[in-house]
Amino acid sequence: MTAPVFVVDHLDAHGGPFVLDGPEGRHAVSVKRLEPGEEVVLTDGAGRHATGEVTGTEGKDRLLVRLAPVTEEPEPSPRITVVQALPKGDRGELAVEMMTEVGVDAIVPWQAARCITQWRGERGAKALGKWRGTAREAGKQSRRVRFPRVADAASTKQVAALLTDADFAAVLHSDFDHPGAPLATAELPAEGEIVLVVGPEGGVAADELALFLEAGAGAYVLGRSVLRTSTAGTAAAALVLGRTGRWS
């Protein structure tokens with residue numbers, strides 16, 4: 001099994017003795033029960049990371065580690081961003097968890113016209129915090145050292161601006177009365193930015209779709225079946241990751 005990943009705020013570039021404490025140290029010592037000689041990976045979640053060997057513990061929340069020099073994982077190319085319409089209940093966190101596990105680079109919560117869920121005020125801040133916390137934990141679980149960035153919630157106009165700057169942009173549209181090409185056969189760039197838009201359960205509204213198409217996106221389908229909003233982003237991202245060589 002690969003070494004467990006723990007998140008730290010700062011890593012000395014030259015490595016050496018390190019004390020992992022706080023919540024991460026407590027998890028390593030009291031939950032994972034790591035012992036001397038076992039291997040760990042410490043990361044800042046933004047690509048900088050170092051492998052280390054456990055040398056001991058202190059109390060219930062301090063893991064003593066001898067770290068190798070820090071290395072940095074390069075930015076992936078092409079980068080994949082998923083614009084995720086807000087699902088109901090905890091399906092948003094499920095979507096974030098799965099997209100993080102497959103390798104999405106950025107997630108943009110989208111307040112679409114047909115979203116039942118509304119992020120306003122304190123409730124919205126709390127929900128965004130849950131999405132970001134889920135991305136962090138899923139990043140650790142899937143042994144990533146560069147976690148996806150979860151942006152602030154975006155309006156439809158802000159999403160359209162994001163699509164304008166993309167090298168390839170796709171709206172996953174489930175209305176089969178509107179012509180949509182198979183994403184599996186789309187011509188994808190070898191580098192740059194790929195943006196995938198996932199609508200809410202009720203579908204992308206006609207005016208939203210028109211705005212996105214005007215911004216340079218294309219309407220695409222994944223297949224004959226209609227996926228739930230919480231799983232469509234993962235399926236689309238996996239397809240793109242495979243076709244662009246990111247999974248090679």
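For this chain, numbers begin at 1 and follow the sequence in order. Because the structure is a prediction, the values reported are computed rather than measured.
Aromatic ring centres of Phe18 and Phe6: separated by at least 6.0 Å.
Put simply, CG on Asp207 and CZ on Phe212 are 9.0 Å apart, with the number rounded to the nearest 0.5 Å. Thr229 contributes atom OG1, which lies 13.0 Å from atom CZ of Arg114 (distance to the nearest 0.5 angstrom). Here the straight-line distance linking atom OG1 of Thr81 with atom CD1 of Ile194 works out to 9.5 Å at 0.5 Å rounding. Note that CD of Glu53 is 12.0 Å distant from CG of Leu64, once rounded to the nearest 0.5 Å. Summarising the geometry, atom CG belonging to Leu20 is positioned 12.0 Å from atom CD belonging to Glu58; distances are rounded to the nearest 0.5 Å. To the nearest 0.5 Å, atom OG1 of residue Thr43 and atom CG of residue Leu11 are 7.0 Å apart.
Counting only distance, with no hydrogens or angles, the side chain of Arg243 and the backbone of Leu188 share no donor-acceptor pair below 3.5 Å. Side chain of Ser230 to main chain of Gly92: no donor-acceptor pair is present (N/O by atom type, distance under 3.5 Å, no hydrogens or angles). Side-chain N or O atoms of Arg149 include none that pairs as donor or acceptor with a backbone N or O of Phe147 at under 3.5 Å. Within the 3.5 Å criterion, the main-chain N or O of Ala160 finds a donor-acceptor partner in the side chain of Thr164. Without hydrogens or angle criteria, His49 side chain to Gly47 main chain gives a donor-acceptor distance under 3.5 Å. Looking only at distances, a side-chain donor or acceptor of Glu38 sits under 3.5 Å from a matching main-chain atom of Glu35. With hydrogens and angles disregarded, no donor-acceptor distance shorter than 3.5 Å links the side chain of Thr231 to the backbone of Leu227. Looking at Ser30, its side chain does come within 3.5 Å of a backbone N or O of Lys60 through a donor-acceptor pair. For Gln111 (side chain) and Trp119 (main-chain N/O), a donor-acceptor pair under 3.5 Å exists by modelled atom type. Of the possible donor and acceptor atoms, one in the side chain of Asp105 sits under 3.5 Å from a partner among the backbone N and O of Ile80.
Relative orientation of the Tyr220 and Phe168 rings is tilted, given thresholds of 30° and 60° on the angle between their planes.
Nearest heavy-atom pair, Ala50 versus Pro69, reported as atom, atom and distance to 0.1 Å: CB-O, 4.1 Å. Listed here is the closest heavy atom pair of Ala151 and Val108: CB-CG2, 4.2 Å. Closest approach of Ala217 and Val171 over heavy atoms only: CB-CG2, 3.9 Å. Residues Gly52 and Leu67 come closest through the heavy atom pair CA-CD2, 3.8 Å. In terms of heavy atoms, Pro76 sits closest to Arg246 at CB-CZ, 3.4 Å. Closest approach of Ser77 and Gly192 over heavy atoms only: OG-N, 3.8 Å.
Salt-bridge formation is detected for the pair Glu201/Arg228: a Lys NZ or Arg NE/NH1/NH2 atom is positioned less than 4.0 Å from an Asp or Glu carboxylate oxygen. In summary, Arg79 and Glu75 engage in a salt bridge, as defined by a charged side-chain N under 4.0 Å from a carboxylate O. The pair Glu24-Lys140 meets the salt-bridge criterion, with a side-chain N (NZ, NE, NH1 or NH2) lying under 4.0 Å from an Asp/Glu carboxylate O. Between Asp152 and Arg132 there is a salt bridge, since a side-chain N of the basic residue sits under 4.0 Å from a carboxylate O of the acidic one.
A donor-acceptor contact closer than 3.5 angstrom is absent between the side chains of Arg66 and Thr55.
Heavy atoms of other residues, nucleotides or ligands lying less than 6.0 angstrom from CD of Gln118 number more than 12. Counting non-hydrogen atoms of neighbouring residues, nucleotides and ligands closer than 6.0 angstrom, the CZ atom of Arg48 exceeds 12 such neighbours. The environment of CD in Glu39 is crowded: more than 12 heavy-atom neighbours from other residues, nucleotides or ligands sit within 6.0 Å.
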Could you walk me through whether Val195 and Val83 pass the side chain to side chain contact (heavy atoms under 4.5 Å, CB included) test, one step at a time?
CA-CA 7 Å; Val195 180; Val83 177; 3.9 Å; yes
Worked check of side chain to side chain contact (heavy atoms under 4.5 Å, CB included) between Glu72 and Arg146
CA-CA 9 Å; Glu72 184 160 359; Arg146 187 180 289 277; 4.0 Å; yes
Could you please spell out the steps behind the side chain to side chain contact (heavy atoms under 4.5 Å, CB included) verdict for Trp110 and Gln84?
CA-CA 6 Å; Trp110 171 35; Gln84 174 67 59; over 6 Å; no
Could you go step by step and tell me if Val226 and Val221 meet the side chain to side chain contact (heavy atoms under 4.5 Å, CB included) rule?
CA-CA 9 Å; Val226 177; Val221 294; over 6 Å; no
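A single hydrophobic cluster is seen to contain both Leu163 and Val204, as judged by linkage of ILVMFWY side chains at heavy-atom distances under 4.5 Å, directly or through other members. Note on Ile116 and Leu128: separate hydrophobic clusters, where clusters join Ile, Leu, Val, Met, Phe, Trp and Tyr whose side-chain heavy atoms are under 4.5 Å apart, directly or indirectly. Residues Leu86 and Val82 share a hydrophobic cluster, clusters being chains of Ile/Leu/Val/Met/Phe/Trp/Tyr side chains in contact below 4.5 Å.
No side-chain heavy atom of Leu211 sits under 4.5 Å from any side-chain heavy atom of Glu208. Counting only heavy atoms from C-beta outward, the side chains of Pro4 and Val41 never approach each other to under 4.5 Å. Put simply, the side chain of Val7 does not reach to within 4.5 Å of the side chain of Asp44, judged on heavy atoms.
Here the rule is side-chain contact (heavy atoms from CB on, under 4.5 Å) with Thr234, and of Val102, Val198, Leu94 only Val102 fits it.
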